[in-house]
Every structure is written in C-alpha cells, then in structure tokens.
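Working notes, structure below.
Chain letters run A, B, ... following the sequence lines, proteins first and then strands; every chain starts at 1.
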Amino acid sequence: MKSQYRPYDLEEQVQQRWTEQCAFRAVEDPGRRKFYCLAMFPYPSGRLHMGHVRNYTISDVIARYQRMRGLNVLQPMGWDAFGLPAENAAIENGVPPARWTRENIAAMRRQLQRLGYAYDWQRELDTSRPTYYRWEQWLFTRLLKRGLVYRKETVVNWDPVDQTVLANEQVIDGRGWRSGAPVERRRVPQWFLRITAYTEELLAGLDKLPGWPEAVRTMQRNWIGRSEGVDIEFEVAGAEQPLTVFTTRPDTLMGATNLALAPEHPLVQEAARDQPELQEFLKECQRGGVAESALRTMEKKGLPLRRHALHPITGERLPLWVANFVLMTYGTGAVMSVPAHDQRDWEFAKSHDLPIRPVVFPTDKEPNFEEGAYTEPGRLRNSGPFDNMTSSRAGAAIIKRLEQEKRGRKRINYRLHDWGISRQRYWGCPIPILYDAAGHPRPVPTEDLPVRLPEHLTPDGHRSPLVDCEEFLSVNTQDTATRRETDTFDTFFESSWYYARFCCPDSDTTMLDERVRYWLPVNQYVGGVEHAVLHLLYARFFHRLLRDEGLVDGDEPFTHLLTQGMVLKDGAKMSKSRGNTVDPDDLIQRYGADTVRLYMMFTAPPEQSLEWSDSAVEGANRFLRRLWRRVWEHVQEGPMPGRPSSNTLLNQEQRDLRRCIHQTIAKADDDIGRRYTFNTAIAAVMELLNALSKRKNRHSPEDRALNQEGLETCVLLLAPIVPHLSEVLWNELGKEGMVIDAAWPRPDPQALLKESLELVIQVNGKLRARIQVATNATEEEARAAALSDRKVQHALHGGTPKRFIFVPGRLLNIVLPPTTESPP
RNA sequence: GCCCGGGUGGUGGAAUUGGUAGACACAACGGACUUAAAAUCCGUCGGCGAAAUGUCGCCAUGCCGGUUCAAGUCCGGCCCCGGGCACCA
C-alpha cells in the first residue's frame with residue numbers, strides 16, 4: 001500500500017473492476033426484494049453542472065446503501081433529449097439539433113462515468129430516438145380513442161417580427177428575446193390531454209403519499225386548487241343567454257355592485273364590435289406574454305361595456321365591465337365584483353369610482369371600508385331576508401334560493417385545467433395526426449407508427465422547419481392532399497413515463513412489458529424542487545393513464561420523493577441559461593470523483609439549497625487523505641487483527657471507543673436510511689476517525705483489534721459516498737471481494753450500553769451545572785445529586801425549589817418561586 | 001399578484017419529538033516539524049464584561065409580540081432571500 005492517497009489512477013481502476021464484473025447490471029429476480037432508485041434524467045445541455053452532480057450523487061448514495069442492505073437495486077440513467085435549447089444552438093451555430101444533442105449526450109455520459117455512479121448502462125435510453133417516442137405516439141392514439149384527447153384554441157406568445165411562437169422564457173419584459181418586438185397574444189388550435197378527468201384522483205392520491213415531502217403535496221393540492229362554490233346566472237339585458245359567474249362567497253352576493261369579464265369573454269368580444277375605445281383596450285390587452293405571473297402583476301385596468309345585468313335577487317342593474325385581471329382560463333371568465341369583501345375588487349372599485357356596499361361584518365369591531373375590504377366571514381347586514389345570518393348560513397340560504405329559482409347551482413371549480421401538449425417546434429416528438437384536404441384531423445394508423453422526425457433539419461429562428469419539409473408533410477405519393485401535423489409534443493410528454501420504460505427499454509413489441517410489474521413503483525425518486533408541480537403532477541397523471549391502459553399496476557409512480565435544493569452560485573440558481581456553472585471535470589481532475597461526491601454530500605443537507613464554494617472542496621479532500629493515512633499506518637503495524645469479540649476483555653477507555661464505533665454505525669444508518677441527512681452521517685464518521693486518530697500509540701492486541709473495527713466501520717459507512725476509495729481501503733484492510741458486496745454494518749447492542757451519563761441541571765430554565773448520574777437514575781436520585789452540587793447550591797441563592805421538571809437522561813430543571821428582590 | 005420553502009458565528013452547517021445553541025468542517029490566527037515551501041501534527045476561534053489556572057456572569061438563532069418550568073424549534077404580525085406559476089427543463 002502506498003503512503004499517499006492518489007485518486008487519479010485508483011478511481012479508473014476501480015471503475016474498470018465494476019465494469020468487468022457488470023456490477024450494476026440489474027436483473028429481475030422475484031425471489032429478492034427490489035429497490036428502484038431513480039434520479040431525474042438530465043436534459044443534454046452540453047456539460048454536467050453541479051446541480052446534476054448533486055442530484056446524481058444523492059441518488060447514488062441511496063442506491064448503494066440499499067444494495068449493501070441486501071436489496072436488488074435498479075438505478076438507470078438516460079436522456080431527456082428533446083427540447084428548446086437544441087433549437088437555440090442550431091440557430092446560433094447552424095448545427096442540426098440531432099447532432100448537437102447526440103454530441104452532448106456522449107460528453108455528459110463520459111462525465112457521469114467518471115463520477116462512478118452505479119448505473120445499469122445497458123438500460124440507457126434517449127427520448128429523441130424513434131424506439132422511445134414511437135410508444136408515446138401509440139399511447140396518444142389510444143387516448144384519442146378513449147376521449148382523453150381533444151383540440152381547442154388557446155393563446156400563445158407570438159413574436160410578430162420573427163413570425164414565431166415564443167416560450168414564456170423567451171418573453172422578456174413583454175418583448176421577444178431575439179427581435180425585441182412587443183409580444184402579442186395569438187390564438188392557435190392545440191391538442192389537449194384531459195388531465196381534468198383525473199383531478200379528484202390526483203388530489204386524493206396526495207394523502208396516500210407519506211413518502212413525499214409535505215411541501216410538494218401542498219403545492220400540488222394548491223395547483224389543483226379545488227374550491228367549492230356556486231355558479232350564479234345573471235340575466236343580461238338584450239342577451240339571450242344569461243351570464244354565468246363562479247364564486248366561492250355566495251354570502252356576499254348582496255354586496256355585488258358590478259360584474260367583471262375577461263377580455264377574451266364572448267360578451268366582451270361582442271360589445272367591442274361597435275365600441276372603438278373597447279377595441280383599443282382589447283388590443284392593449286393583447287400585448288405582453290401569456291404567463292400568469294405577467295397577467296397577475298399588470299396594472300389593474302378596465303372599461304365599462306355600456307351593458308348591464310340584473311341582480312338575481314334584487315333585480316338591480318349591475319354594470320358589466322371588462323377587466324384585464326380576470327382570467328378566461330379560470331372559472332367562467334367572469335366574476336361578480338364585491339368591492340367591500342374582496343381586496344382586488346375593492347382596488348378596482350376605488351380606481352374606477354364604483355360603489356362599495358358592505359354586507360358582511362365581524363361581531364367584535366366595525367371595519368373601515370375606506371381603508372380596504374373585509375374578507376373574513378361574519379354576520380350579514382344590508383342583505384334583506386339574509387340579515388343577521390352568519391356567512392355560512394347565509395351562503396347556504398342564498399344557494400338554496402338561487403337553486404329554487406334555477407338561477408344558480410353548487411359547483412366545484414378547479415384551478416387545474418387540461419394540458420396543452422402541442423408545441424410549434426421542430427425538435428420534439430411529432431404528433432401522429434393527419435389532416436385531410438378539408439383540414440379534418442385523424443390519427444395516424446397504428447401500423448404506420450412511428451412518425452419519424454427528420455433529423456437533418458436546422459431551425460433558423462422562424463417557423464418550424466417541418467412546415468416547409470415536403471418529405472415530412474406528404475404521407476405518400478398517391479395522396480398529396482393529406483398533410484401531417486407539424487406540431488410536436490410538449491417535452492414533458494417524454495419525461496412523464498420514462499421511469500416506466502427503464503424497466504424494459506428494449507421492448508420493441510409493446511410500450512411496457514411484464515418487467516414493469518417487478519420494478520415499479522420507483523422506491524426512491526430524487527430531483528429538484530423546481531419540478532414539484534408540473535413534471536411530478538404529469539408523471540402521476542401518466543401513471544394512471546398507463547394503469548387504465550393495463551400496462552402498469554398501482555396508482556402512483558414514486559413511493560418516496562426527495563426534492564433536492566438548488567445549487568446556487570453568487571446567490572442565483574446555477575444553470576446554463578444564467579452562465580454561472582462550475583464544470584465538475586476540473587474538480588475531478590484535481591481531487592478525484594470521491595472528493596467531489598463527498599463535498600456535495602457534506603456541505604448541506606439535500607433538501608436545502610447549496611451555495612457553491614471552491615475552497616470547501618479542499619477540506620473534503622483532506623479528510624480522505626487522512627482516512628487513507630490512518631489505514632496505511634494501521635497496515636504498516638503488521639498483519640490484520642480480527643475484530644474484538646466482545647466487551648468483556650476491554651478496559652474503560654477501550655469500551656468508550658467501542659461504544660463510539662457502534663454509536664456511529666447507529667447514527668449513520670439512521671441519517672442515511674431514514675433522515676437522508678448525509679452531511680450529519682459524514683460528520684459522525686469524521687468524529688469517529690478523530691477518536692481513532694487520538695490513540696496512535698495504542699498497539700496492544702485489543703487496541704489493534706479496535707482500530708481494525710473502527711477503520712472497517714469508517715470504510716463501510718463511507719462506501720456509498722466515496723465508493724472508489726472505499727473499495728481500495730476495504731482490500732487493504734485484509735477484506736476479500738468488493739465493498740459493494742459487503743453487508744451494511746449493524747450496531748452491537750452490547751457495545752452501546754452505558755453505565756453513567758451527564759445530566760444537565762437548570763435553575764429556572766437556565767443551565768447551571770452538569771452532573772454525572774447512573775444511566776438508570778430515578779428522579780429522586782437526580783434531585784439529591786443536583787441539590788448537593790456546589791454550583792447548583794450557588795445558583796439557588798438559598799431559595800426553596802417550588803417544583804422540579806425531570807426529563808430522564810437529559811435534564812433536571814429546578815423552578816424557584818418568583819423572587820421579590822428589589823431591583824438594584 | 002398567488003402558492004411553497006428558507007433566514008443560526010467570518011463561512012457551510014449541527015441541535016432528530018419544546019429540553020445543554022454553535023457538533024463536524026471551511027477560513028483566519030498562533031505554534032511544532034522543515035534549509036525553505038508544500039504536506040502533516042498541536043492549539044485558539046459568537047459578542048460583551050469580570051477574572052487571570054482550571055473560571056464566572058450577561059447577551060445572542062432576520063425583526064416585534066405571545067404561549068411555556070423551558071422556544072432556533074410552537075402561535076400571531078412584519079422584513080428580506082430563493083423556487084414555481086401551465087411553451088426553460
């Protein structure tokens with residue numbers, strides 16, 4: 001064994017041994033318990049960044065830990081290969097997205113391999129290959145048959161100069177990112193997936209996911225946004241159809257003073273026909289992007305329609321307004337405006353001089369409606385027959401009356417709306433639809449799938465090159481009138497089912513085969529918090545689609561979810577688009593992959609964001625060098641001793657060290673297996689190594705045996721985190737075989753026993769002394785010991801304790817009666 | 001604007017169920033070794049005050065208030081930072 005730790009050759013040799021043995025090949029074995037560990041697969045953006053390294057290291061540590069615990073582990077890796085950045089690169093460099101993507105995949109695969117992740121590379125998949133995307137085209141046609149796909153018009157960001165649809169990301173301050181032209185909203189027909197058919201199930205399922213972070217479940221719940229309320233119909237003067245609004249506050253109906261409609265609402269469009277200033281306003285509303293954040297932060301503006309509706313109970317005339325803050329996509333695209341009890345309505349009323357009519361009052365105070373709306377429930381006034389009722393009773397009474405008069409009905413409204421999956425982009429999976437001469441759509445017959453994306457095209461920043469690609473557009477030479485759909489799928493489509501395809505990536509006769517029934521669900525999914533809603537909700541939706549297609553069992557795709565925090569640099573997310581990435585290759589070159597992995601896991605707990613620091617990497621490397629040195633010194637002392645067989649022959653100091661070893665095992669197991677706090681597990685091993693380092697001069701057979709046990713423990717506990725170094729040290733410690741096949745250690749209960757412990761003594765909640773007591777000391781014994789302690793007596797000032805609070809094994813708090821001491 | 005997180009020494013963080021605030025590191029400083037440097041090893045390291053040897057007291061977990069024998073942890077109100085908001089992935 002060399003005296004110095006040199007990671008460079010060591011890591012390559014260990015990786016070679018793993019490869020030769022096909023060490024991470026996952027094979028279905030019904031006789032063994034499986035563990036499917038998955039990290040969110042990367043978009044091949046070019047190079048790995050530290051966010052990737054963090055993500056994949058966390059997942060790898062869990063996978064290797066579960067393997068050492070004896071489970072049959074599957075950990076695959078693949079590429080989310082379709083997406084916008086490939087088109088941007090093409091525009092900039094003139095390189096076809098296919099080539100750019102494949103080159104990136106090759107580079108990033110090499111980087112991942114250098115980091116020593118325990119992947120089954122035979123299962124690698126690339127979503128931009130027809131072998132993958134043909135199955136989502138197949139699924140799409142199945143869903144079409146089941147009525148879960150439909151076409152409707154929606155608004156997109158339109159760049160009038162570049163003549164192209166823009167992603168929200170490409171809209172900067174309401175302007176196109178390349179042209180700088182003000183972005184317009186344009187209506188285009190798009191394909192939708194009926195995710196709303198599964199709303200209640202997706203919502204209820206959240207309660208059955210105890211392995212998911214509460215924050216993610218809350219976000220999904222809020223995203224789905226179930227709210228119970230009532231549809232109220234208002235008769236509109238001169239219109240055949242009544243105007244329907246949705247409200248969750250029927251108790252405030254008597255306080256409604258106007259109705260506000262979204263700019264896209266049909267009644268508004270109709271009114272605009274003969275009102276030029278309204279047309280002008282709507283044109284203004286067309287400007288700016290379609291992102292909800294943009295809509296919500298706009299200055300609240302509105303215009304009267306010069307029409308009115310009738311209040312369903314009083315018959316009063318309520319003016320109709322168009323308001324830019326009313327969203328056509330939520331509810332009915334129209335709201336009843338109750339300025340006294342809704343803050344947004346209040347602000348709108350104030351700026352447009354509309355009346356404020358308070359009808360709900362708290363019982364304990366009189367709100368000032370000049371300062372703002374009163375939005376809490378209360379007791380009704382100014383409400384005719386509903387006066388003096390509470391909000392909940394009044395709401396029920398108003399609903400009952402509206403229902404009797406057929407002017408309203410209870411309804412549950414959701415914020416969640418159907419998933420628009422069409423993208424006017426080239427580098428994506430073609431939507432398998434054909435249009436006849438009249439423009440009527442029909443699905444591509446199953447036997448004609450896949451619809452292959454021509455890979456030689458290069459987008460130029462204007463419309464999708466598919467639109468001009470005759471070879472793609474025409475189905476066959478006989479039928480020139482039939483044209484292909486040129487839109488491609490949202491790339492979330494690919495990432496919604498890849499976790500299942502990893503079970504059988506080579507299946508070429510079905511989308512998923514029987515192997516999914518062994519591996520699914522994913523036991524541990526690891527990925528960024530930024531995916532808490534969209535990706536994770538779509539995957540849950542897809543799993544149900546696949547289930548109803550008979551392809552998978554169970555309702556949920558991921559049993560446990562770990563959402564890692566961002567890797568930040570200079571306070572901002574480390575990402576390619578921000579250009580503040582750190583390349584892991586430089587660090588691996590200098591310190592080795594193990595140091596990079598250790599640094600990532602030690603610097604912060606996985607769920608927290610991690611502020612990047614170059615200097616802290618040094619410390620991680622130093623620890624590994626120290627561990628190497630300790631093993632080297634131990635090896636130099638002579639042949640490997642056995643482990644100590646029991647505690648009986650050990651002296652007090654040796655028993656303390658042995659307890660430290662086994663406490664470290666217990667803590668590391670809990671930290672890695674239950675808490676996912678890898679940083680504290682590493683700190684515990686560092687403490688153990690410090691304890692071992694302090695006893696360099698102990699060479700008795702018992703001490704050698706203890707050192708052996710201590711060092712073996714360090715190596716085993718670190719094996720999931722620094723796997724290369726651990727393999728080598730494992731063999732240097734005289735162990736046969738590979739550490740990946742070694743069993744995860746278990747603490748020896750006998751070694752953990754303690755005869756005495758430190759008890760904290762507080763006086764009035766302040767720490768005053770620490771005393772040693774027997775482990776099983778009673779409260780009486782603890783009190784007696786505490787009261788005879790010099791420091792405690794000093795702190796008591798001769799006072800008589802009023803009560804004692806005893807927390808066994810932790811503390812004794814002595815409470816004195818309040819002093820009548822006069823201030824100095 | 002709405003939803004979800006976070007805020008603890010010079011820095012990253014620890015404190016797991018309301019029970020010893022600052023584990024483990026980084027940086028810095030002092031020392032040993034060395035011709036020198038690197039590496040390594042030893043020590044100091046929240047603030048203020050009193051001691052001068054082990055000490056002792058007070059303050060301190062973004063801010064203000066509350067509950068409790070006891071609050072970084074629970075409750076109410078605020079401030080700041082990060083993530084998401086349906087076409088970035």
Regarding [X], tell me which of base, sugar-phosphate or nothing describes its non-hydrogen contacts under 4.0 Å with the strands shown.
X         : value
Val156(A) : base
Val216(A) : nothing
Thr491(A) : sugar-phosphate
Glu758(A) : base

Subject >> G84(B) glycosidic torsion: syn (within 90° of 0) vs anti >> reply: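 What G84(B) shows is an anti base, its glycosidic angle lying more than 90° from 0.
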Tabulate protein N/O versus nucleotide N/O from nucleotides 9-11 of chain B, keeping only pairs under 3.5 Å, one per line.
none

**OP:** Can you run down the side chain to side chain donor-acceptor pair (under 3.5 Å) pairs that involve residues 293-302 of chain A, sequence neighbours left out, and say none if there aren't any?
**Re:**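 Matches after skipping sequence neighbours: Glu284(A)-Lys301(A), Glu292(A)-Arg296(A).
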Original post:
Going through the checks in order, is the side-chain hydrogen bond (donor to acceptor under 3.5 Å, both in side chains) test met by Asp126(A) and Ser128(A)?
Top reply: CA-CA 6 Å; Asp126(A) 167 349; Ser128(A) 67; 2.7 Å; yes
Interface polar pairs with nucleotides 16-19 of chain B, N/O, under 3.5 angstrom:
| residue | atom | partner | partner atom | Å |
| --- | --- | --- | --- | --- |
| U16(B) | O4' | Arg675(A) | NH1 | 3.3 |
| U16(B) | O2 | Arg674(A) | NH2 | 2.6 |
| U16(B) | O4 | Lys667(A) | NZ | 2.6 |
| G19(B) | N2 | Gln762(A) | OE1 | 3.3 |
| G19(B) | N2 | Asn813(A) | ND2 | 3.4 |

Subject >> Residue met sooner reading RNA chain B from 5', once Gln4(A) and Asn679(A) are mapped to nucleotides >> reply: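 This one resolves to Asn679(A).
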Protein N or O to nucleotides 27-32 of chain B N or O, pairs below 3.5 Å:
| residue | atom | partner | partner atom | Å |
| --- | --- | --- | --- | --- |
| A27(B) | OP2 | Arg622(A) | NH2 | 3.0 |

Original post:
Do we count His535(A) as stacking onto A89(B) if the rule is ring centres under 5.5 Å and planes under 30°?
Top reply: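 One would not call His535(A) stacked on the A89(B) base.
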**OP:** State which residue, out of Arg185(A), Arg187(A), Arg186(A), fulfils the salt bridge (charged side-chain N to carboxylate O under 4.0 Å, His left out) condition with Glu153(A).
**Re:** Arg187(A)
**OP:** Between G83(B), U20(B), A15(B), spot the one nearest the side chain of Thr680(A), thanks.
**Re:** A15(B)
Original post:
Distance under 6.0 Å and angle within 45° of the ring axis: does Arg217(A) meet both against Trp212(A)?
Top reply: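 No, a cation-pi geometry is absent between Arg217(A) and Trp212(A).
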Each nucleotide N or O in nucleotides 46-57 of chain B that has a protein N or O under 3.5 Å away: list the pair and distance.
| residue | atom | partner | partner atom | Å |
| --- | --- | --- | --- | --- |
| C56(B) | OP1 | Lys791(A) | NZ | 3.1 |

**OP:** Kindly say whether, by distance alone, the side chain of Arg425(A) makes a donor-acceptor pair under 3.5 Å with the base of C87(B)?
**Re:**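 Such a pair exists between side chain and base.
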Original post:
Tell me, what's RNA chain B's dot-bracket, Watson-Crick or G-U with both distances under 3.5 Å, | for other-strand, [ ] crossing?
Top reply: (((((((..(((......[....))).(((((.......))))).(((((....)))))..(((((..]....))))))))))))....
